[in-house]
Amino acid sequence: AQRVTQPEKLLSVFKGAPVELKCNYSYSGSPELFWYVQYSRQRLQLLLRHISRESIKGFTADLNKGETSFHLKKPFAQEEDSAMYYCALARAGNMLTFGGGTRLMVKP
Amino acid sequence: DTEVTQTPKHLVMGMTNKKSLKCEQHMGHRAMYWYKQKAKKPPELMFVYSYEKLSINESVPSRFSPECPNSSLLNLHLHALQPEDSALYLCASSQVARGRSKDTEAFFGQGTRLTVV
């Protein structure tokens, strides 16, 4: 069975500080992992996916199969990054299993 | 148009009522999904439609009845719900995944906040 774990419910950092949101997964197949973000009063939207290895809004995430992790990182947090972040694993196409979510608060 | 539109935004219903949630997209996506999100919890998959046919039912109780009348519309019919069914119901759509899912970004609607009294 697949499982996605985000150990931190809340992460609070100051503006300009580095950010790392942790995500670990368990999945017997070849994983496809995503980060989704939900800004206040907005819909859930894709932030980035491991397969495209892109950087969006300064965020990056590297899939580490040895550690079964897909941590989200940004070197310098901005106030507008404050949001709810979900790590998600796609199984059999695009059926998503979400982690519990981490609320990121960036303080001025 | 890259939006998934859900109506209504809010719904309060009694346990004996019958109501329907609606979802619409015009992105040409042939995969559509219903997710349920309880307060302070992540979304959980309920149903998947692929090419207007139900392909996945995640052991959802029969008081939830999905319907996909055409490639742009997805409904969720509700009957005899319980208070514990109160949640945010999210609709999503994507291209049908083939092989690696690089092109299957899921687009989510704003959700319908359902309260069962």
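Basis for what follows: all heavy atoms, side chains included, without hydrogens, waters or symmetry-related copies. Proteins come first, then strands; the chains are lettered A, B, ... in the order of their sequence lines, and each starts at number 1.
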More than 12 heavy atoms of other groups within 6.0 Å of B:Lys38 NZ: yes
Side-chain (B:Tyr35) to main-chain (A:Leu96) donor-acceptor, under 3.5 angstrom: yes
Under 4.5 Å from a heavy atom of chain A, the part of B:Ala106 involved: both
Toward chain A, the part of B:Glu58 with a non-hydrogen atom under 4.5 Å: side chain
Crowding at CZ, A:Phe14 (>12 non-hydrogen neighbours, <6.0 Å): no
Exceeds 12 heavy-atom contacts within 6.0 angstrom, atom CZ of A:Arg3: no
Flag if over 12 foreign heavy atoms under 6.0 Å of CD, A:Gln38: yes
Interatomic distance, B:Glu105 atom CD to A:Gln45 atom CD [nearest 0.5 angstrom]: 9.0 Å
Same apolar cluster: B:Leu21 and B:Leu88, side chain cutoff 4.5 Å: no
Distance, nearest 0.5 Å, that separates CD of B:Gln110 from CZ of A:Arg41: 11.5 Å
Exceeds 12 heavy-atom contacts within 6.0 angstrom, atom NZ of B:Lys18: no
Inter-residue atom distance A:Leu44.CG - B:Gln37.CD, 0.5 Å rounding: 7.0 Å
Nearest non-hydrogen partners of A:Phe98 and B:Pro42, listed with the distance: CB-CB, 3.7 Å
Which atoms of A:Gln6 approach chain B - backbone, side chain, both or neither, heavy atom under 4.5 Å: neither
pair A:Tyr36-B:Pro43: side-chain heavy atoms closer than 4.5 Å: no
A:Arg43 side chain to B:Val4 backbone, donor-acceptor under 3.5 Å: yes
Atom CD of A:Glu80: over 12 foreign heavy atoms under 6.0 Å: yes
Other residues, nucleotides, ligands: >12 heavy atoms within 6.0 Å of A:Lys22 NZ: yes
Rounded distance [0.5 Å steps], CE in A:Met95 versus OG in B:Ser55: 7.0 Å
